[in-house]
**Q** 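Below you will find the structure I want to go over with you.
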Amino acid sequence: MLTGEEFQKLATLLKHLHICLGLKFALMDDQAKEVFTSSRQAEFCRLVKETPGGLERCHNCDKMALREMNATQKMKKYRCHCGLIEVAMPVVENGQILASILFGQFLDDSSRERQWQRTSALISWAPDMQALEESYARLQQVSSAQLASLIEIIHACISEVRLQGMLSIAQMSDAHHLKHYILQRYASPISLNELCAEMHMGKSKLFDLCRKEFQKTPGQLILQARIEAAKELLEETPANLSEIGQAVGFPDVCYFCQRFKRVCGESPAQYRKRVRQQPV
């Protein structure tokens, strides 16, 4: 089975893919319970779900795809009840599905007009076809080559998470264990009590460990992990500051900018501009 830490790491990687690509991702456990879902969904899908019966149709479509994926234990690429492309990928180990990854809400790179003709016939029950057609025109198109590459990246993410899960925490030093845990969890709230429970030590011993090994407090270690992750996203993605802040554990963009500037001496926007102006 996947540990909670492995689920968290996989969810974080999917969140990064969502920020980079703008596609909707969801992660489900072996009981089909949602562990993570990206907040953004295509406007077209939002409108469909707001129509009477639309949300139920979407849920039924996902359930059917998951049933077929579970039966074969293989990836299933399909068109949803509105004609959009969706993908369901299982995380399999020893013949058992440990988790499922769903992503999609996009079109292929064939004629958009032809795809809309098919979709309009499928959703003829919807009351506001004009609004749906306008939002459909803004749906992202993904080529077969791009989709194949994305699937390979997701497989690499799964492999990386599983490989990390094979590391024996018992063989790590306390300092390595603490740093490893923070790097896996920085995108979510981490309390001092949680760290103490993970490290099996009291607060005084935890602070002594941090001072001796890192010359920092536990809170400073967590902040350092978040700021370093934010720097990578600022350098490598076009995501806005709010999205980056949320991805690294700062749900409030103003607080994210304040903390970043205090640590780095410049705002996130200034950092991004300076780094991108540097010669390659």
Side-chain angles (χ1 to χ4, degrees), residues 10-28 32-69 75-91 99-126 128-155 157-158 237-240 242-243 246-247:
L10 189 52
T12 300
L13 292 171
L14 293 176
K15 185 183 293 186
H16 290 325
L17 284 175
H18 162 68
I19 291 173
C20 292
L21 304 174
L23 299 178
K24 182 175 175 62
F25 288 86
L27 174 64
M28 310 182 92
K33 180 181 178 182
E34 198 169 81
V35 176
F36 160 80
T37 183
S38 54
S39 57
R40 178 191 175 280
Q41 63 176 328
E43 181 188 4
F44 175 84
C45 295
R46 179 183 62 79
L47 291 174
V48 168
K49 290 176 181 179
E50 289 176 353
T51 60
L55 182 60
E56 183 180 359
R57 291 170 190 258
C58 291
H59 285 168
N60 289 339
C61 186
D62 289 342
K63 288 178 183 178
M64 183 179 300
L66 286 171
R67 279 198 299 269
E68 294 183 22
M69 182 203 71
M75 183 191 77
K76 179 174 177 58
K77 173 190 168 187
Y78 62 100
R79 286 191 182 267
C80 72
H81 68 103
C82 294
L84 275 61
I85 296 175
E86 304 273 355
V87 180
M89 292 179 62
V91 179
S100 305
I101 297 171
L102 282 71
F103 67 95
Q105 299 184 350
F106 58 86
L107 306 175
D108 63 29
D109 58 351
S110 65
S111 166
R112 188 186 293 269
E113 290 75 16
R114 196 167 301 153
Q115 291 183 79
W116 168 247
Q117 290 175 3
R118 174 171 48 194
T119 290
S120 60
L122 291 171
I123 60 171
S124 58
W125 45 270
D128 192 350
M129 291 294 288
Q130 180 177 349
L132 286 168
E133 184 175 5
E134 290 174 355
S135 61
Y136 190 90
R138 293 188 287 272
L139 284 171
Q140 188 169 343
Q141 288 185 278
V142 176
S143 69
S144 297
Q146 289 173 321
L147 180 57
S149 296
L150 175 56
I151 289 169
E152 286 301 311
I153 291 171
I154 295 174
H155 279 309
C157 291
I158 294 170
T237 78
N240 63 44
S242 178
E243 291 172 329
Q246 290 182 11

**Q** Can you see which heavy atom on Ala247 is nearest to which on Ile19, and at what distance?
**A** CB-CD1, 3.2 Å
**Q** How would you list, by chain and number, every residue that makes a salt bridge (Lys or Arg N to Asp or Glu O under 4.0 Å) with Glu68, sequence neighbours excluded?
**A** Lys76
**Q** Starting at NE2 of His81, measure out to CG of Asn60 and round the result to the nearest 0.5 Å.
**A** 8.5 Å
**Q** If you compare all heavy atoms of Tyr78 against all heavy atoms of Cys61, which two are closest, and at what distance to 0.1 Å?
**A** CE1-SG, 4.0 Å
**Q** Among pairs that include at least one residue of residues 79-89, which meet salt bridge (Lys or Arg N to Asp or Glu O under 4.0 Å), considering only residues two or more places apart or in two chains?
**A** Arg79-Asp108
**Q** So, Gln115 side chain and Gly83 main chain: donor-acceptor pair closer than 3.5 Å or not?
**A** no
**Q** Can you confirm whether Leu102 sits close enough to Leu66 that some side-chain heavy atom of one is under 4.5 Å from a side-chain heavy atom of the other?
**A** yes
**Q** If you measure from CG on Leu139 to SG on Cys45, what distance do you get to the nearest 0.5 Å?
**A** 6.5 Å
**Q** Which residue pairs pass the salt bridge (Lys or Arg N to Asp or Glu O under 4.0 Å) test when at least one of the two sits in residues 136-153, sequence neighbours left out?
**A** Glu43-Arg138
**Q** So how far is it from Ser120 OG to Met129 CE, rounded to the nearest 0.5 Å?
**A** 5.0 Å
**Q** Sequence neighbours excluded, which residues qualify as side-chain contact (heavy atoms from CB on, under 4.5 Å) partners of Lys49?
**A** Gln41, Leu55, Cys58, Gln105
**Q** With no hydrogens and no angle check, is any side-chain donor or acceptor of Thr37 less than 3.5 Å from a backbone partner on Ala26?
**A** no
**Q** Stepwise, does the side chain to side chain contact (heavy atoms under 4.5 Å, CB included) test hold for Leu132 with Ile123?
**A** CA-CA 9 Å; Leu132 286 168; Ile123 60 171; 3.8 Å; yes
**Q** Report yes if some heavy atom in the side chain of Ile154 is under 4.5 Å from a heavy atom in the side chain of Leu150; otherwise report no.
**A** yes
**Q** If I compare all heavy atoms of Ala88 with all of Pro90, which pair ends up nearest, and what's the gap?
**A** O-CD, 4.1 Å
**Q** If only atom types and distance count, is the side chain of Ser38 paired as donor or acceptor with the main-chain N or O of Phe25 below 3.5 Å?
**A** yes
**Q** Only counting residues at least two apart or in another chain, list the ones meeting side-chain contact (heavy atoms from CB on, under 4.5 Å) with Ile151.
**A** Met75, Met89, Phe103, Leu147, His155
**Q** Write down the atom of Ala11, the atom of Phe36, and the distance for their closest heavy-atom approach.
**A** CB-CB, 3.6 Å
**Q** Please collect all salt bridge (Lys or Arg N to Asp or Glu O under 4.0 Å) contacts where either partner lies in residues 53-65, sequence neighbours excluded, each pair once.
**A** none
**Q** What distance do Arg112 atom CZ and Leu107 atom CG have between them, rounded to the nearest 0.5 Å?
**A** 5.5 Å
**Q** Roughly how far apart are Leu23 CG and Leu17 CG, rounded to 0.5 Å?
**A** 9.0 Å
**Q** I'd like to check the side-chain contact (heavy atoms from CB on, under 4.5 Å) partners of Ala131; sequence neighbours left out, ordered by chain and number.
**A** Leu47, Asp128
**Q** For Ser111, which residues count as a side chain to side chain donor-acceptor pair (under 3.5 Å) partner, sequence neighbours excluded?
**A** Glu113
**Q** With sequence neighbours excluded, what pairs up with Arg67 under the side chain to side chain donor-acceptor pair (under 3.5 Å) test?
**A** none
**Q** Tell me, please, which residues at least two apart from Val35 pass side-chain contact (heavy atoms from CB on, under 4.5 Å).
**A** Phe7, Leu27, Asp29
**Q** Taking ring-ring contact (aromatic ring centres under 6.0 Å, His included) as the test, write out the residues that go with Tyr136, two or more places apart.
**A** Phe44, Trp116
**Q** Within a strict 4.5 Å, meaning less than it, do heavy atoms of the Ile101 and Leu10 side chains meet?
**A** yes
**Q** Looking at residues at least two apart in the chain, or sitting in another chain, which of them share a side chain to side chain donor-acceptor pair (under 3.5 Å) with Gln117?
**A** none
**Q** In Å and rounded to the nearest 0.5 Å, what is the NE2 to CD distance from His18 to Gln246?
**A** 8.5 Å
